[in-house]
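Structure first, then comments.
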Amino acid sequence: MKPLEEQQFNEIKTNLEMVKKRIVQACIKADRDPSSVRLLPVTKTVPAERLRIAYAAGCHEMGENKIQEAREKSEILSDLNIKWAVIGHLQTNKAKYLARFANEFQALDSLKLAEELDKRLQNEGRAIDVYIQINSSGEASKFGLAPEDIRDFVAQLPNYSSLKIKGLMTLAIFSTDHDRVRACFVKMKAIQAMLRQEAPAGMSFDELSMGMSGDYELAIEEGATVVRVGQAIFGKRPLPDSHYWPGVG
Ligand SMILES: *Cc1c(COP(=O)(O)O)cnc(C)c1O
């Protein structure tokens, strides 16, 4: 590695180890097994060449919120064995792109999209893990189903053989008030418990994807099984959160 690459490698490795350590500490505090929480590094805005270094530093899964960016990076880095997770809203007409490379989709929010995605995956002869996104904060800027609609949604969701329903995903409210953030996670845990009771055969709701750089420890305390962490690993993004979620920050 060149000196600059080595410096990037060391930075990412150090940050990754720090986040993993904090995950373990949060698990201990919540009396949970650390192996029950999966860290999904979020790589949006990080250039592909830096992701090559991140891969060497131990990031073998990468989460992207925009399909176009994810697609481009997956092509540039196709020589590496990266598992790609698409974690942002997807327009139905882009399902065909996702079907080609993604291992996981965490933002299912409509039946139309489910149908199209299943069809495209069938064409590719693939099946992927899927999470249903819930808008737990009620903010207009966030995608996802309203908590009161999830039950009907799941009941109407046919068992598409290419969509392996694994659980739920959410973004909590962006707030410095921990009680308001925690309330979102608590709500998710309750929805998960309800769905686990009545899940149609073939669907599972064991996974709860919640928690980002600013709130993953809180999310773990409330039952997260997947935390999606970007900035704590890769450094601050050049654009503020309000760029991604209007009205925020
Ligand atoms: C960007 C993003 C994250 C990670 O946010 P950080 O603040 O970088 O940790 C998590 N989930 C989704 C859906 C995102 O778009």
Side-chain angles (χ1 to χ4, degrees), residues 1-66 69-70 72-74 76-88 102-104 106 169-172 174-176 178 181-182 185 207-245 248-249:
M1 272 192 221
K2 296 176 201 140
L4 185 62
E5 287 174 356
E6 193 158 329
Q7 188 192 328
Q8 292 188 359
F9 175 88
N10 288 332
E11 259 170 33
I12 294 169
K13 205 168 165 62
T14 303
N15 290 345
L16 202 56
E17 276 163 14
M18 196 266 292
V19 171
K20 284 182 180 164
K21 202 165 120 194
R22 286 173 59 170
I23 288 174
V24 170
Q25 282 164 352
C27 285
I28 291 169
K29 189 174 167 198
D31 203 13
R32 295 185 53 191
D33 178 355
S35 72
S36 67
V37 178
R38 170 181 147 219
L39 169 61
L40 173 60
V42 174
T43 49
K44 67 179 183 234
T45 75
V46 182
E49 286 322 308
R50 207 167 151 230
L51 293 186
R52 197 172 278 288
I53 296 167
Y55 184 85
C59 292
H60 296 170
E61 287 188 75
M62 299 188 185
E64 289 278 341
N65 70 328
K66 291 204 172 72
E69 186 177 339
E72 282 168 17
K73 288 175 180 172
S74 76
I76 298 169
L77 302 172
S78 62
D79 56 313
L80 304 179
N81 188 17
I82 298 169
K83 287 202 167 109
W84 294 97
V86 173
I87 59 175
N103 296 89
E104 183 173 279
Q106 292 204 359
M169 183 276 248
T170 202
L171 286 110
F174 294 123
S175 169
T176 49
H178 279 192
V181 177
R182 192 187 292 275
F185 298 144
E207 304 292 341
L208 211 42
S209 174
M210 56 189 197
M212 307 169 37
S213 292
D215 58 14
Y216 67 91
E217 289 150 301
L218 214 54
I220 289 169
E221 281 177 37
E222 299 305 335
T225 66
V226 181
V227 291
R228 310 178 308 268
V229 179
Q231 297 179 89
I233 299 171
F234 298 105
K236 220 169 147 38
R237 274 185 293 277
L239 294 167
D241 283 345
S242 57
H243 172 77
Y244 303 96
W245 302 282
V248 155

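Worth saying up front: this structure is predicted, and the values here are computed from it rather than measured. Each residue takes its place number in the sequence, starting with 1.
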Report task. State which residue, out of Leu16, Val229, Val46, fulfils the side-chain contact (heavy atoms from CB on, under 4.5 Å) condition with Phe234. Result -> Val46
Query - Salt-bridge contact Arg52-Glu49 (side-chain N to carboxylate O under 4.0 Å) - result: yes
Report summary line: On a heavy-atom basis, the closest approach of Cys27 and Pro34 is SG-CA, 3.6 Å
Report task. Give a yes or no answer on whether the side chain of Thr225 reaches the backbone of Ser36 with a donor-acceptor pair at less than 3.5 Å. Result -> no
Query - Test item: Arg22 side-chain N/O and Glu217 main-chain N/O as donor-acceptor pair under 3.5 Å - result: no
Query raised in the report: Hey, are Arg182 and Glu221 close enough for a salt bridge, meaning a charged N less than 4.0 Å from a carboxylate O?
Result: yes
**Report entry** Any pair counted as ring-ring contact (aromatic ring centres under 6.0 Å, His included), so long as it reaches residues 22-64, sequence neighbours left out
**Finding:** Tyr55-His60
Query raised in the report: Is a donor on one side and an acceptor on the other found under 3.5 Å between the side chain of Lys73 and the backbone of Thr43?
Result: yes
Query raised in the report: How about Val19 and Val227: do any of their side-chain heavy atoms sit closer than 4.5 Å?
Result: no
Query raised in the report: Within the distance-only criterion (no hydrogens, no angle test), does the side chain of Arg50 pair as donor or acceptor with the backbone N or O of Gln8 below 3.5 angstrom?
Result: no
Query - Ionic contact status for Glu61 with Arg38, cut-off 4.0 Å - result: yes
Requested in this report: Output all residues satisfying side-chain contact (heavy atoms from CB on, under 4.5 Å) with Lys44, sequence neighbours left out; order by chain, then residue number.
Outcome: Val42, Glu64, Asn65, Glu69, Arg237, Tyr244, Trp245
Requested in this report: Would you confirm whether Asn15, through its side chain, and Ile12, through its main-chain N or O, come within 3.5 Å as a donor-acceptor pair?
Outcome: no
Query raised in the report: Within the distance-only criterion (no hydrogens, no angle test), does the side chain of Thr170 pair as donor or acceptor with the backbone N or O of Met210 below 3.5 angstrom?
Result: no
Query - Flag if over 12 foreign heavy atoms under 6.0 Å of CG, Asp33 - result: yes
**Report entry** Residues, nucleotides or ligands: over 12 heavy atoms within 6.0 Å of Asp79 CG
**Finding:** yes
